[in-house]
Novice: 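Dumping the structure here so I can ask a few things about it.
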Amino acid sequence: MTQQIKSLEEYKKVYAESVENPEKFWAKQAKTFTWRKPWTKVLDYEFKSPKVKWFVKGKLNITENCLDRHLESRGDQTALIWEPNDPSQAYRTYTYRELYEEVCRAANMLKANGIKKGDRVCFYMPMVPELTIAVLACARIGAIHSVVFAGFSANALADRIKDASCKMVICSDYNSRGAKNIPVKKVVDDALAMGCDSVETVIVHKNTGEKTAMKRRRDIWWHKAIEGQRKTCRATQMDSEDILFILYTSGSTGKPKGVVHTCGGYMVYTCFSFKNVFQYKEGDVYWCTADIGWITGHSYIIYGPLLAGATTMMFEGVPTFPDAGRFWHICEKHRVNQFYTAPTAIRALMALGDHWPKHYDLNSLKVLGTVGEPINEEAWNWYKKEIGKGTLPIVDTWWQTETGGIMISGLAGISPEKATFAGYPLPGVQVCLVNADGKEIRGNGKEGLLCIKFPWPSMIRTTYGDHERCRQVYFSAFEDKYFTGDGARRDRKGMYRIIGRVDDVINVSGHRMGTAEVENAINEHENVVESAVVGYPHDIKGQGIYAYVIPNAKIKNEAAFQKELRAIVTREIGPIAKPDKIQVVSGLPKTRSGKIMRRILRKIASGDTKNLGDVSTLLNPEIVKEVMKGAKK
Ligand code: WTA
């Protein structure tokens, strides 16, 4: 097992070691795993290209480390707990041995359906155990998984399937979320009708069992396909740098990009960070409420916990069904020890009243975590007081899809804590602040652009099918540094506080959205000439989506127009990207070179119109008044 740090002194010592001799440090962690063949070199890198290789020429299979190696020591320990959407339905558990057998059966099912090493398999599924099982089954045979969050639209799904030329889609019939029963297979059918020629097979898991259309020779039921499959499946030998998975995420420009993670480094880093941040102890029950459609679910529901031999839980439902006590009910029911959620969920539950957590016995809890967006002080204090009884440690974990694992965070109960501050970087993580010219800002009590100046094992390797884009987006802004897109502040003691994105990415309820993506969707409307989308502070979601829209003619029925625009965004991306506010305008403030002045639009959307700065140099300064006047409250 990777090292588990036990005190602040030890953290300081280990951190110093990890910076002085990163290769030695990471080799020590990596040696605790099962490798088929050892690596010949720990690290080979050049940020300029970028080229990053960890544990060069090492051979392994990550599932042997998640499953096989635990069989002897903890075969009968619960590996996975699944809590269904409907609390009256029975929950399910899998021991390490059962999970191993299910993964092997699913792996044999994939092979029987033509999936080989290197093939891409797309997932579009609710939070059911079969998702975890099939993801691991891919990894077992060296197929590359590309999980798409099941809230995305058919269009968005089709884009992702095409980008990765997926050979198979695995989905469910329906998704039960709260009181809703959402068709899932139907969305896959619609996506596949959009020219996803690479897809040969669709495996459909029966979840709710309602009527589902199946296409002959393409669609097969999971339960039929898995019938009779053997409970053992030899794991395919992978190179450290073979692709483990692709996960799409939004950036400032263009369509979402497929972030690529590879086997060796991702394995070492997710396990190490999991054990240290959450201070997981043998026998603990750990629960991360994220969806596996996002990176948090990949790294901290599936891989990190299973690599560490933990008991990990997945939850199918929503925090408010059947009522706002659901999270706390689950904590009580399963005696949860580590609880990891998003600020948006904390704010939503906080708004529903302090009495909800009081109905439940939360004494099993030892560690609270948050992820995905900056946590405001009020939510942090509520979490600490109402859930943590004022005493439990909170780990505010900063990281990204691209970083693969947690980068800046306290180690629970060990590191100093400060509301709204993520804290210190994890061992092996060399963060820095730079100014706009790329010059490193030294010393404490400073603010700047957050960069990472040395490779870490789980870092992004490329963007699928477009290496140049990876270079350009992350490695070209500042020489020899990975640029995160976030701004941050370092306090007097060197602790980091993440301020938020400095690019055109907005973070809505912890979900990343590119403003350009939403604009492209809005511009699909036949009566739209141009649009500009910005984020604004939102009490529950963190950021809301504000769209300024220029129509090509006078809009007679604005309510109907707004409804159409929201429907288009839902169709193109999904309901999570629906603008909260839409303002019809006759023009947008632009520079003389024709660039939209988003800074001004952001201020107006935030209701902060006092400090707009000098607008006289704009191409159309008169428009600012009009936009201000019509701003939506
Ligand atoms: C933001 C999620 C403040 C940040 C794991 C980052 C955070 C983006 C935090 C990545 C945090 C994530 N405090 N901001 N603890 N965690 N962010 O790729 O802006 O979905 O760049 O990964 O979320 O979002 P992503």
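Just follow the structure's listing: the first ligand is 1, and inside any ligand the first atom is 1.
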Novice: Any atoms of ligand 1 less than 4.0 Å from a non-hydrogen atom of Val371? List them with their elements.
Specialist: 5 (C)
Novice: Which atoms from ligand 1 have a heavy atom of Asn507 less than 4.0 Å away?
Specialist: 1 (C), 23 (O)
Novice: Mark yes or no: Lys581 above the aromatic ring of Tyr536, with NZ or CZ under 6.0 Å from the six-membered ring centre and no more than 45 degrees from the axis.
Specialist: yes
Novice: Any idea which of Pro374, Pro343, Ala422 brings a heavy atom closest to atom 14 (N) of ligand 1?
Specialist: Pro374
Novice: At what distance is the nearest protein heavy atom to atom 13 (N) of ligand 1, and which residue and atom is it?
Specialist: Glu373 O, 3.4 Å
Novice: Taking the minimum heavy-atom distance to atom 22 (O) of ligand 1, which of Ile498, Ile406, Thr401 ranks first?
Specialist: Thr401
Novice: Using heavy atoms and a threshold below 4.0 Å, how should the contact between Ile375 and ligand 1 be classified: side chain, backbone, both, or neither?
Specialist: neither
Novice: Ring centroid separation for Phe149 and Tyr248, is it under 6.0 angstrom?
Specialist: no
Novice: Is the charged tip of Arg160 near the ring of Phe152: under 6.0 Å from the six-membered ring centre and within 45° of its axis?
Specialist: yes
Novice: Give the atoms of ligand 1, by number and element, whose distance to some non-hydrogen atom of Asp396 is under 4.0 Å.
Specialist: 11 (C), 13 (N), 15 (N)
Novice: Quick one: are the ring centres of Phe478 and Phe47 less than 6.0 Å apart?
Specialist: no
Novice: For the residue pair Phe272 and Phe274, is the inter-centroid distance of their aromatic rings smaller than 6.0 Å?
Specialist: no
Novice: Between Thr312 and Ile301 (side chain of the first, backbone of the second, donor and acceptor by atom type, cut-off under 3.5 Å), is there such a pair?
Specialist: yes
Novice: Can you check whether Gln400 has an N/O within less than 3.5 Å of an N/O in ligand 1?
Specialist: yes
Novice: Taking NZ, NE, NH1 and NH2 as the nitrogens, is one of them in Asp608 or Arg602 under 4.0 Å from a carboxylate oxygen of the other?
Specialist: no
Novice: Should we count NZ of Lys446 as having more than 12 external heavy atoms under 6.0 Å?
Specialist: yes
Novice: Going by the atom numbers of ligand 1, which of them fall below 4.0 Å from some non-hydrogen atom of Thr397?
Specialist: 9 (C), 11 (C), 15 (N), 16 (N)
Novice: Could you list which atoms of ligand 1 come closer than 4.0 Å to a heavy atom of Thr296?
Specialist: 5 (C)
Novice: Where on Val505 is there a heavy atom closer than 4.0 Å to ligand 1, on the side chain, on the backbone, on both, or on neither?
Specialist: neither
Novice: Can you find a non-hydrogen atom of Trp399 under 4.0 Å from ligand 1?
Specialist: yes
Novice: Please determine if Lys418 forms a cation-pi arrangement with Phe421, meaning its NZ or CZ atom is less than 6.0 Å from the six-membered ring centre and no more than 45° off the ring axis.
Specialist: yes
Novice: Has Ser299 got a side-chain atom pairing as donor or acceptor with Thr296's backbone, closer than 3.5 angstrom?
Specialist: no
Novice: Would you please determine whether Gly372 falls within less than 4.0 Å of ligand 1 on a heavy-atom basis?
Specialist: yes
Novice: Suppose we measure from atom 19 (O) of ligand 1 to each protein heavy atom; which comes out shortest, and what is that distance?
Specialist: Asp486 OD1, 2.6 Å
Novice: Provide, to 0.1 Å, the distance between atom 20 (O) of ligand 1 and the closest protein heavy atom, together with that atom's residue and name.
Specialist: Arg512 CD, 3.7 Å
